[in-house]
Engineer: 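One structure coming up, written as C-alpha coordinates, with questions to follow.
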Amino acid sequence: MKAWLQRFMYGRYGADQLNMALMILFLVIALTTPFLKNNIPLILNLVLIVLIYFRMFSRNISKRYAENQKFLKLWNPIRNKFHFTIKHTKERKDYRFYKCPSCKQKVRVPKGRGEITITCPKCHTKFDKRT
Ligand SMILES: [Zn+2]
(Lines give C-alpha, C1' and ligand atoms only; values in the text may rest on other atoms or scores of the structure.)
Protein backbone atom coordinates (compact mmCIF):
# COMPACT_ATOMS: atom_id res chain seq x y z
CA MET A 1 0.00 0.00 0.00
CA LYS A 2 2.78 2.41 0.97
CA ALA A 3 4.90 1.40 -2.03
CA TRP A 4 1.90 1.91 -4.28
CA LEU A 5 1.34 5.38 -2.84
CA GLN A 6 5.00 6.23 -3.26
CA ARG A 7 4.90 5.12 -6.89
CA PHE A 8 1.70 7.05 -7.43
CA MET A 9 3.12 10.26 -5.90
CA TYR A 10 6.42 9.96 -7.75
CA GLY A 11 6.91 13.02 -9.95
CA ARG A 12 3.86 14.69 -8.48
CA TYR A 13 3.86 17.88 -6.52
CA GLY A 14 2.40 16.88 -3.11
CA ALA A 15 1.57 19.19 -0.21
CA ASP A 16 2.85 22.71 0.41
CA GLN A 17 1.92 25.74 2.50
CA LEU A 18 -0.62 26.98 -0.03
CA ASN A 19 -2.39 23.60 0.04
CA MET A 20 -2.32 23.66 3.84
CA ALA A 21 -3.94 27.10 3.79
CA LEU A 22 -6.59 25.87 1.33
CA MET A 23 -7.31 22.88 3.58
CA ILE A 24 -7.68 25.13 6.62
CA LEU A 25 -10.03 27.36 4.64
CA PHE A 26 -11.94 24.25 3.60
CA LEU A 27 -12.28 23.12 7.23
CA VAL A 28 -13.32 26.56 8.44
CA ILE A 29 -16.05 26.72 5.80
CA ALA A 30 -17.12 23.12 6.53
CA LEU A 31 -17.37 23.77 10.26
CA THR A 32 -18.92 27.23 10.30
CA THR A 33 -21.42 27.31 7.45
CA PRO A 34 -23.72 24.24 7.63
CA PHE A 35 -26.39 26.27 9.40
CA LEU A 36 -26.50 28.81 6.58
CA LYS A 37 -29.42 28.26 4.29
CA ASN A 38 -27.63 28.56 0.98
CA ASN A 39 -25.38 26.46 -1.19
CA ILE A 40 -22.57 28.92 -1.83
CA PRO A 41 -20.23 27.59 0.94
CA LEU A 42 -20.86 24.05 -0.31
CA ILE A 43 -19.96 25.00 -3.88
CA LEU A 44 -16.94 26.94 -2.63
CA ASN A 45 -15.74 23.91 -0.70
CA LEU A 46 -16.23 21.67 -3.72
CA VAL A 47 -14.06 24.04 -5.75
CA LEU A 48 -11.50 24.09 -2.91
CA ILE A 49 -11.24 20.31 -2.66
CA VAL A 50 -10.84 19.97 -6.43
CA LEU A 51 -8.14 22.65 -6.33
CA ILE A 52 -6.33 20.95 -3.43
CA TYR A 53 -6.27 17.56 -5.17
CA PHE A 54 -5.37 19.10 -8.50
CA ARG A 55 -2.34 20.84 -6.95
CA MET A 56 -1.29 17.81 -4.92
CA PHE A 57 -1.31 15.39 -7.88
CA SER A 58 -0.03 17.89 -10.41
CA ARG A 59 3.04 16.96 -12.42
CA ASN A 60 3.74 20.59 -13.28
CA ILE A 61 5.97 21.04 -10.24
CA SER A 62 7.63 24.32 -11.24
CA LYS A 63 4.26 26.00 -11.78
CA ARG A 64 2.88 24.75 -8.43
CA TYR A 65 6.10 25.86 -6.75
CA ALA A 66 5.73 29.36 -8.24
CA GLU A 67 2.14 29.54 -6.97
CA ASN A 68 3.29 28.61 -3.50
CA GLN A 69 6.04 31.24 -3.58
CA LYS A 70 3.49 33.90 -4.56
CA PHE A 71 1.29 32.78 -1.70
CA LEU A 72 4.18 32.90 0.80
CA LYS A 73 5.12 36.38 -0.33
CA LEU A 74 1.61 37.55 0.57
CA TRP A 75 1.25 35.43 3.69
CA ASN A 76 4.61 35.82 5.43
CA PRO A 77 4.28 39.54 6.28
CA ILE A 78 0.82 38.86 7.76
CA ARG A 79 2.14 35.93 9.76
CA ASN A 80 5.15 37.86 11.03
CA LYS A 81 3.01 40.80 12.11
CA PHE A 82 0.68 38.42 13.93
CA HIS A 83 3.55 36.66 15.70
CA PHE A 84 5.11 39.98 16.66
CA THR A 85 1.83 41.26 18.13
CA ILE A 86 1.39 38.12 20.24
CA LYS A 87 4.98 38.28 21.47
CA HIS A 88 4.70 41.98 22.26
CA THR A 89 1.40 41.54 24.12
CA LYS A 90 2.84 38.70 26.20
CA GLU A 91 5.93 40.73 27.06
CA ARG A 92 3.96 43.83 28.01
CA LYS A 93 2.95 42.12 31.25
CA ASP A 94 6.53 41.67 32.45
CA TYR A 95 8.52 44.26 30.58
CA ARG A 96 8.48 47.91 29.68
CA PHE A 97 9.79 49.22 26.41
CA TYR A 98 11.82 52.38 26.09
CA LYS A 99 13.58 54.07 23.24
CA CYS A 100 17.18 55.06 23.65
CA PRO A 101 17.31 58.90 23.64
CA SER A 102 20.34 59.05 21.39
CA CYS A 103 20.00 56.21 18.84
CA LYS A 104 16.27 55.31 19.14
CA GLN A 105 17.09 51.66 19.76
CA LYS A 106 14.20 49.89 21.51
CA VAL A 107 15.19 48.65 24.96
CA ARG A 108 13.25 46.09 26.96
CA VAL A 109 13.47 46.24 30.77
CA PRO A 110 11.71 44.15 33.45
CA LYS A 111 8.78 45.85 35.21
CA GLY A 112 8.59 46.75 38.88
CA ARG A 113 12.22 47.54 39.60
CA GLY A 114 11.65 51.20 40.52
CA GLU A 115 14.12 53.80 39.40
CA ILE A 116 16.81 52.21 37.23
CA THR A 117 19.60 53.29 34.97
CA ILE A 118 19.33 51.70 31.55
CA THR A 119 22.37 51.24 29.36
CA CYS A 120 21.54 51.14 25.65
CA PRO A 121 22.85 47.87 24.21
CA LYS A 122 23.68 49.54 20.90
CA CYS A 123 25.37 52.85 21.73
CA HIS A 124 25.93 52.42 25.53
CA THR A 125 24.15 55.68 26.39
CA LYS A 126 22.90 55.64 29.98
CA PHE A 127 19.44 57.00 30.87
CA ASP A 128 17.19 56.82 33.96
CA LYS A 129 13.66 55.43 33.92
CA ARG A 130 11.06 54.16 36.37
CA THR A 131 9.80 50.66 35.66
ZN1 LIG B 1 21.39 53.93 22.02
Side-chain angles (χ1 to χ4, degrees):
M1 178 67 189
K2 212 179 160 205
W4 173 84
L5 191 69
Q6 260 169 3
R7 218 173 319 130
F8 178 71
M9 286 308 290
Y10 182 76
R12 295 178 198 262
Y13 185 65
D16 63 6
Q17 290 93 337
L18 176 54
N19 258 6
M20 275 301 288
L22 292 174
M23 275 186 232
I24 290 166
L25 188 64
F26 173 85
L27 278 177
V28 168
I29 292 171
L31 291 173
T32 57
T33 57
F35 57 89
L36 294 178
K37 284 213 179 340
N38 72 58
N39 290 327
I40 293 165
L42 206 71
I43 294 161
L44 197 66
N45 256 358
L46 218 62
V47 173
L48 272 174
I49 208 82
V50 169
L51 200 66
I52 290 167
Y53 275 104
F54 168 76
R55 292 192 75 253
M56 228 158 86
F57 299 140
S58 172
R59 289 182 187 279
N60 193 346
I61 289 169
S62 59
K63 195 154 184 213
R64 299 291 87 77
Y65 180 80
E67 286 168 3
N68 193 48
Q69 290 304 308
K70 259 190 215 162
F71 165 72
L72 288 179
K73 224 172 142 183
L74 278 172
W75 173 242
N76 277 342
I78 300 168
R79 197 192 62 178
N80 289 346
K81 200 168 164 56
F82 189 64
H83 276 229
F84 179 79
T85 309
I86 289 177
K87 195 170 168 250
H88 198 75
T89 314
K90 266 189 195 160
E91 287 186 338
R92 272 197 116 85
K93 268 201 316 189
D94 306 313
Y95 296 95
R96 295 198 68 156
F97 295 87
Y98 294 109
K99 259 187 195 157
C100 166
S102 74
C103 75
K104 308 295 176 214
Q105 163 78 34
K106 260 196 190 159
V107 188
R108 193 187 74 174
V109 291
K111 264 186 180 175
R113 295 281 173 88
E115 193 85 26
I116 56 164
T117 302
I118 300 162
T119 308
C120 170
K122 208 168 151 193
C123 67
H124 303 289
T125 303
K126 286 183 180 358
F127 54 101
D128 293 332
K129 288 282 177 196
R130 274 196 74 79
T131 76

Engineer: Mind checking the CD1-CG spacing from Ile43 to Asn38? Nearest 0.5 Å is all I need.
Structural biologist: 8.5 Å
Engineer: Is Tyr65 linked to Tyr53 within one hydrophobic cluster, defined over Ile, Leu, Val, Met, Phe, Trp and Tyr using a side-chain heavy-atom separation of less than 4.5 Å?
Structural biologist: no
Engineer: Show the nearest heavy-atom pair for residues Ala21 and Phe71, with the distance to one decimal.
Structural biologist: CB-CZ, 3.5 Å
Engineer: With clusters defined by side-chain heavy atoms of hydrophobic residues (ILVMFWY) lying less than 4.5 Å apart, directly or transitively, does Ile49 cluster with Leu44?
Structural biologist: yes
Engineer: Of the non-hydrogen atoms in Tyr98 and Phe127, which two are nearest, and what is the gap between them?
Structural biologist: CB-CE1, 4.2 Å
Engineer: Roughly how far, to the nearest 0.5 Å, is OG1 of Thr33 from CG of Leu42?
Structural biologist: 7.5 Å
Engineer: Check step by step if side-chain hydrogen bond (donor to acceptor under 3.5 Å, both in side chains) holds for Arg79 and His83.
Structural biologist: CA-CA 6 Å; Arg79 197 192 62 178; His83 276 229; 4.8 Å; no
Engineer: Is it true that, when you exclude Met9 itself, more than 12 heavy atoms of the residues, nucleotides or ligands shown sit nearer than 6.0 Å to its CE?
Structural biologist: yes
Engineer: Which class fits the ring pair Phe8 and Trp4: parallel under 30°, tilted 30 to 60°, perpendicular over 60°?
Structural biologist: parallel
Engineer: Look at atom NZ of Lys106 and say whether more than 12 heavy atoms of other residues, nucleotides or ligands are closer to it than 6.0 Å.
Structural biologist: no
Engineer: Are Phe26 and Tyr13 linked, directly or through other ILVMFWY residues, by side chains that come within less than 4.5 angstrom of each other?
Structural biologist: no
Engineer: Using 0.5 Å steps for rounding, measure from the CG atom of Asp16 to the CE atom of Met56.
Structural biologist: 10.5 Å
Engineer: Is it possible for you to say whether Leu25 and Leu46 belong to one hydrophobic cluster, with membership spreading through side-chain heavy-atom contacts below 4.5 Å?
Structural biologist: no
Engineer: Under a 4.5 Å cut-off applied to non-hydrogen side-chain atoms, are Trp75 and Ile78 in contact?
Structural biologist: yes
Engineer: Is there a donor-acceptor pair under 3.5 Å between the side chain of Lys111 and the backbone N or O of Arg92?
Structural biologist: yes
Engineer: Using every non-hydrogen atom in the two residues, find where Arg64 and Arg55 come nearest and quote the distance to one decimal.
Structural biologist: O-NH2, 3.1 Å
Engineer: So, taking the atom named CE in Met23 and the one named CG in Leu18, what distance separates them when rounded to the nearest 0.5 Å?
Structural biologist: 10.0 Å
Engineer: Atom CZ in Phe54, atom CG in Leu22: separation rounded to 0.5 Å?
Structural biologist: 12.5 Å
Engineer: So which atom in Asn45 and which in Ala30 form the shortest heavy-atom distance, rounded to 0.1 Å?
Structural biologist: ND2-N, 3.5 Å
Engineer: Does Ile61 share a hydrophobic cluster with Leu51, counting links as ILVMFWY side-chain heavy atoms below 4.5 Å and allowing steps through other members?
Structural biologist: no
Engineer: Looking at every heavy atom in both Pro34 and Ile29, which two are closest together, and how far apart are they?
Structural biologist: CD-O, 4.3 Å
Engineer: Applying the side-chain contact (heavy atoms from CB on, under 4.5 Å) criterion to Cys120, which one of Ser102, Cys103, Pro101 satisfies it?
Structural biologist: Cys103
Engineer: With rounding to the nearest 0.5 Å, note down the distance linking CD in Glu115 to OG1 in Thr131.
Structural biologist: 9.0 Å
Engineer: So, Glu67 and Lys70, do they make that salt bridge, N to O below 4.0 Å?
Structural biologist: no
Engineer: What's the shortest heavy-atom distance between Phe97 and Glu91, and which atoms?
Structural biologist: CZ-OE1, 3.5 Å
